[in-house]
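Scroll down for the structure; my scribbles are underneath it.
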Amino acid sequence: MQRALVTGGSGFIGSFLCLRLLEEGYGVICMDSLITGRKKNIEHLVQNKDFEFIESDITKPPKPQQKNIDLIFNLASPASPKDYLEYPLETLMANSIGVRNMLEIARANNAVFVQASTSEVYGDPLVSPQKEDYWGNVNPAGTRSCYDEGKRFAEALCFEYFNHKKTKVRVARIFNTYGPRMRENDGRVIPNFITQALLGRPITVYGKGDQTRSFCYVSDMVEGLLKLGAKDGLDGQTINLGNPNPRKIMEVAQMIREMCNSKSEIVGKDLPLDDPKTRQPDIGKAKSLLGFSPKVGMELGLAKTIEYFKNLKKLQA
Ligand code: UDP
């Protein structure tokens with residue numbers, strides 16, 4: 001049996017990835033510090049004999065059980081703007097020392113290493129859509145730099161392991177992803193708008209709401225990650241993963257209010273510092289190298305996500 005290590009495996013994307021890997025016949029070790037991940041996200045997996053949970057921080061020295069590993073998905077890092085602003089040093093350490101520790105496990109096991117990078121490496125992009133060869137427009141001393149520069153450093157580390165130690169590294173630049181199991185308080189736009197709409201509270205649009213994001217449903221993202229990890233011949237590649245259809249934030253607010261049958265008013269709030277104006281992946285490379293093609297449209301994806309939030313006890317009060 002092939003064994004996969006998923007760091008950040010109790011997080012939003014990680015928990016879905018763990019399940020898909022089990023379905024594909026992998027033994028799965030899920031490692032999470034639970035700083036932003038939740039045990040609840042994996043409670044349906046813990047009975048599975050091929051699943052193991054280790055509560056540990058990737059910045060700590062690797063443990064002896066991290067042997068006989070064929071594939072590593074390194075997803076461990078705070079990832080929402082609210083989370084990384086709350087944990088800036090932890091974010092920087094996870095993306096430097098933490099990534100180094102995980103690369104060392106990959107090297108020792110001759111395992112494939114998939115690094116979860118981010119569209120944030122493009123910063124506030126001056127070109128759209130963003131292709132992998134775009135260098136980005138990042139403020140190195142801004143409020144988001146712990147994440148943006150952390151992830152850029154992580155990519156640099158990955159490539160030096162690939163170039164100098166022949167580690168089988170692949171980098172996924174993950175664009176905005178949404179779906180069930182996002183934390184209702186993680187501060188990102190979709191959980192914010194859905195919880196506000198369901199509770200009849202004002203829906204908070206930052207700025208004019210004319211900034212765009214391209215939202216990918218979680219199952220599509222997980223398929224892309226799986227392909228990136230499982231296919232041969234991809235070592236050293238950086239690949240955008242996301243849904244290429246941009247939406248204005250105001251449009252998303254209106255859509256969610258309507259789908260939730262909500263009477264919430266839409267209110268304007270200050271735009272956070274360094275909030276990118278646009279974000280849209282060019283997924284040509286993912287299409288040609290992975291056969292990646294997102295299938296879940298925004299209406300269906302939002303319906304499933306709203307259903308999940310409706311069933312949360314906290315939102316039923
Ligand atoms: N946003 C918003 N209202 C909210 C939360 C976010 O208008 O309650 C905006 C935010 O300013 C950004 C976009 O929605 O322009 C996406 O924000 P998110 O935090 O989800 O992710 P980002 O793409 O900025 O990392």
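Whatever order the structure lists them in is the order used to number ligands and atoms, beginning at 1. Heavy atoms only: backbone and side chains are in, while hydrogens, waters and symmetry mates are out.
- Of all atoms in ligand 1, listed by their number and element, those nearer than 4.0 Å to a heavy atom of Q211 are 9 (C), 11 (O), 15 (O).
- Scanning all protein heavy atoms for the shortest distance to atom 25 (O) of ligand 1 gives E120 OE2, 3.4 Å.
- At least one N/O-N/O distance between N176 and ligand 1 falls below 3.5 Å.
- Between the side chain of S96 and the backbone N or O of G150 there is no donor-acceptor pair closer than 3.5 Å.
- Of all the heavy atoms of V189, the ones lying under 4.0 Å from any atom of ligand 1 are found in both the backbone and the side chain.
- Atom NZ of K82 sits in a crowded spot, with more than 12 heavy atoms from other residues, nucleotides or ligands closer than 6.0 Å.
- Judged by distance alone, with hydrogens and angles left aside, the side-chain atoms of R247 form no donor-acceptor pair with the main-chain N or O of V252 at under 3.5 Å.
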**OP:** Could you go through the side chain to side chain contact (heavy atoms under 4.5 Å, CB included) check for D83 and I35 one step at a time?
**Re:** CA-CA 9 Å; D83 287 339; I35 181 174; over 6 Å; no
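- The protein atom (non-hydrogen) at minimum distance from atom 3 (N) of ligand 1 is T204 O, 2.6 Å.
- Here the protein heavy atom with the shortest distance to atom 8 (O) of ligand 1 is N192 ND2, 2.8 Å.
- In this structure, the protein non-hydrogen atom closest to atom 7 (O) of ligand 1 is Y206 N, 2.8 Å.
- Taking distance alone, with nitrogen or oxygen atoms compared against 3.5 Å, R144 approaches ligand 1 more closely than that limit.
- Not a single heavy atom of S80 sits closer than 4.0 Å to an atom of ligand 1.
- For ligand 1, the polar-atom distance check against P272 finds no nitrogen or oxygen pair separated by under 3.5 Å.
- Compare R213, K269, R188 by their heavy atoms: the one nearest to atom 23 (O) of ligand 1 is in R213.
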